[in-house]
Amino acid sequence: MTTIASGTDTLTRDALAVLQPGFTGTSAPSWLLRRLGEGLASVGLFGRNIATPAQVAALTAQLRAERDDVLVAIDEEGGDVTRLEVRTGSSFPGNHALGAVDDTALTEAVAHELGRRLAACGVNLNWAPSADINSNVDNPVIGVRSFGADTSLVARHTAAYVSGLQSAGVAACTKHFPGHGDTAVDSHHAMPRIDAELPVLESRELVPFRAAIEAGTRAVMSAHILVPALDPVHPATLSRRILTGLLREELGYDGLIVTDGMEMQAISATYGIERGSVLAIAAGADAICVGGGLSDEPTVLRLRDALVAAVRSGDLPEERLADAAARVRALAAWTASTTRSASTPSSAGSAVGSGAGSDARTDVGLVAARRALKVTRGVHFAPVTEAPYVAALTPVANIAVGDETPWGVAAELRRLLPGTETGSFTGERAGAEALAAAGSRRVVAVVRDAHRHTWMAEALDILLAARPDTVVVEMGVPQSPPRGALHIATHGAARVCGLAAAEAIAGA
């Protein structure tokens, strides 16, 4: 039952309603429950909040005991970016693998099954899909999170993903508007800039968002990027020209606009999260995402008080804040009306993280991962029949992916070829160290975006020169020509991508 503290005034309730904060722990802290009673309408879940599916279901039930229409959001893209399976790797390939298959029915089926699992745990808003076009292959933060570099492909798969996810009763949040693909900077660390001219933006970046809007996406997430052709002064998250003029008025979007994480350096280091939040709401955003890094009560109170003070000082029109809060509540009402029958903790426990193969529905992730493989046999090809040595050439993970989630093929190969050993290598001596560690064993070199890391390409050179029968598995964006006795491009590093690659290596 929704309970609102009687002593909380309308302005304060509206200021709380537009926040989407995170918290620490696997159960709801007392301060969070108290703020839900005072008007907070959304909560964000991150990997740190996830232990088991049953625990997540109990957590969301705890939140709804305080406010029955609360929006529970999560950043669950599948593929490399997973929160539900943060410690095991995802049961679903990510966007790039789905784009490589290019079967929109499959994309819709994957998104529906992912949404079904979220709904079973009580999650009703997913900060996905990424509609970014991977037009810059050196992009450090998008990469395999994109369906691909072709505009029409990205558009049709974005629409399919939105439809599949929302058919399961989970609101899609299409991101990162107006498009984060053509950047060489990660907005977690600094302010990216896209210098494309307006005609290019209209024919490239904006096309997938138009498709998402046509498909009925319930939310859109803004990007912390500067696009001078659209607004030479303000990043998209803080730009009235972009959020209101372009997204609302020109594209005709009427759903919820959510900001990307406000503690990301592109905003926090240039504007500060309090001023940034006020500017974002004034520009047309409806919900402030915060909690990936700042996840405590003082952060919520700081942002609440900043919004209230901005209204009282005249810096933020009260009706704009009220409109934003109303849009949050409208989305909450939609999710409440479309929620399927609630899962018990035990049934939710079988719905998430159970691995592919448990029934026809959960097989869809593995089916997609297998179909996404691109396998190239070289002149030195020979089947791998004995336990190999897996040399993982490991780059630093970007913040969106995180370093908690395991990746690679070693664990899956060990099941198929018992005795498989593995090691992780990085830096200028990676190749020599991997050769020494492998000894006489057949080498399986696993890389991630080899085209972006000079040391990784050089390590492959060393391995292939010494051991031409080396198997190469590329788990990032495959840009370099196929190399090795066997080259496998998985188009992503999800657990099921590793399983599919291991099957191909072992001939299973």
Side-chain angles (χ1 to χ4, degrees), residues 2-23 29-44 66-67 70-71 73 187 191 221-222 224 231 233-245 248 256-332:
T2 302
T3 57
I4 299 294
S6 59
T8 309
D9 63 87
T10 299
L11 179 56
T12 300
R13 288 200 301 270
D14 286 349
L16 282 169
V18 303
L19 303 181
Q20 292 190 344
F23 61 95
S30 58
W31 69 261
L32 184 66
L33 298 176
R34 185 168 61 254
R35 300 306 168 193
L36 286 171
E38 295 174 356
L40 186 69
S42 307
V43 175
E66 188 62 47
R67 182 179 183 125
V70 64
L71 284 171
S187 51
M191 182 76 74
M221 178 176 281
S222 66
H224 302 330
D231 187 330
V233 177
H234 302 100
T237 294
L238 311 183
S239 171
R240 181 171 176 80
R241 289 189 189 182
I242 294 174
L243 299 188
T244 299
R248 287 271 187 241
L256 190 76
I257 299 177
V258 184
T259 72
D260 207 344
M262 295 301 285
E263 64 267 59
M264 294 165 64
Q265 291 295 300
I267 298 296
S268 62
T270 51
Y271 295 87
I273 63 168
E274 294 97 330
R275 181 166 175 252
S277 296
V278 170
L279 292 173
I281 297 295
D286 305 306
I288 302 296
C289 178
V290 66
L294 299 172
S295 52
D296 54 13
E297 183 178 24
T299 297
V300 173
L301 298 182
R302 283 165 56 196
L303 297 184
R304 178 201 67 182
D305 293 346
L307 291 166
V308 169
V311 169
R312 290 176 175 163
S313 69
D315 291 335
L316 174 63
E318 186 170 2
E319 58 271 21
R320 170 76 275 272
L321 180 62
D323 173 66
R327 290 181 186 277
V328 173
R329 297 179 189 121
L331 181 58

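- Partners of Ala332 according to the side chain to side chain contact (heavy atoms under 4.5 Å, CB included) rule, which considers only residues two or more places apart in sequence or in another chain, are Asp69, Leu71.
- Leu11 is listed as a side-chain neighbour of Leu321, based on a closest heavy-atom distance under 4.5 Å.
- Of all the heavy atoms in Pro29 and Phe23, the pair that sits closest is CD-CD1, 3.5 Å.
- Ser222 meets the side chain to side chain contact (heavy atoms under 4.5 Å, CB included) test with Thr237, Leu243, Thr259; sequence neighbours excluded.
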Distance-only criterion, 3.5 Å: show the donor-acceptor pairs between side-chain atoms of residues 287-294 and protein atoms not counting sequence neighbours.
none

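- To the nearest 0.5 Å, atoms CD (Glu66) and OG (Ser30) are separated by 11.0 Å.
- With sequence neighbours excluded, the residues satisfying side chain to side chain contact (heavy atoms under 4.5 Å, CB included) with Asp315 are Ala310, Ser313.
- Applying the salt bridge (charged side-chain N to carboxylate O under 4.0 Å, His left out) rule to Glu297 yields the partners Arg34, Arg35; only residues at least two apart in sequence or on another chain are considered.
- Using a 4.0 Å cut-off between a side-chain N of Lys or Arg and a carboxylate O of Asp or Glu, Arg13 and Asp9 do not qualify as a salt bridge.
- Contact annotation: the side chain of Ile281 approaches that of Arg320 to within less than 4.5 Å [non-hydrogen atoms, C-beta and beyond].
- Ser239 is linked by a side chain to side chain donor-acceptor pair (under 3.5 Å) to Asp231, counting only residues two or more places apart in sequence or in another chain.
- Taking each heavy atom of Val18 and Ala325 in turn, the nearest pair found is CG1-N, 3.7 Å.
- In terms of heavy-atom proximity, Val233 sits nearest to Tyr271 at O-OH, 4.1 Å.
- Scanning both residues, Val43 and Leu36, for their nearest heavy atoms gives CG2-CD2, 4.2 Å.
- Arg248 is linked by a salt bridge (charged side-chain N to carboxylate O under 4.0 Å, His left out) to Asp286, counting only residues two or more places apart in sequence or in another chain.
- Of all heavy-atom pairs between Leu16 and Gly39, the closest is CB-C, 3.9 Å.
- Between the Ser42 side chain and the Gln20 main chain, no donor and acceptor come within less than 3.5 Å of each other.
- Not a single salt bridge (charged side-chain N to carboxylate O under 4.0 Å, His left out) links Arg312 to another residue, sequence neighbours left out.
- Evaluation of the salt bridge (charged side-chain N to carboxylate O under 4.0 Å, His left out) rule for Asp296 yields no partner, not counting sequence neighbours.
- The backbone N or O of Leu238 lies less than 3.5 Å from no partner atom in the side chain of His224, so there is not a single donor-acceptor pair.
- Here CE of Met262 is found 4.0 Å from OG of Ser277. Values are rounded to the nearest 0.5 Å.
- Every pair passing salt bridge (Lys or Arg N to Asp or Glu O under 4.0 Å) that includes a residue from residues 272-285 is listed here, sequence neighbours excluded: Glu274-Arg302.
- Side-chain contact check for Pro21 versus Thr299: every heavy-atom pair is 4.5 Å or farther apart.
- Residues Ile267 and Asp260 are not in side-chain contact: their nearest non-hydrogen atoms beyond the backbone lie 4.5 Å or more apart.
- Rounded to the nearest 0.5 Å, atoms OG1 (Thr12) and CZ (Arg304) are 6.0 Å apart.
- Counting heavy atoms from C-beta on, the side chains of Asp14 and Val308 never come closer than 4.5 Å.
- In this structure, the side chain of Thr244 does not engage the main chain of Arg241 through any donor-acceptor pair within 3.5 Å.
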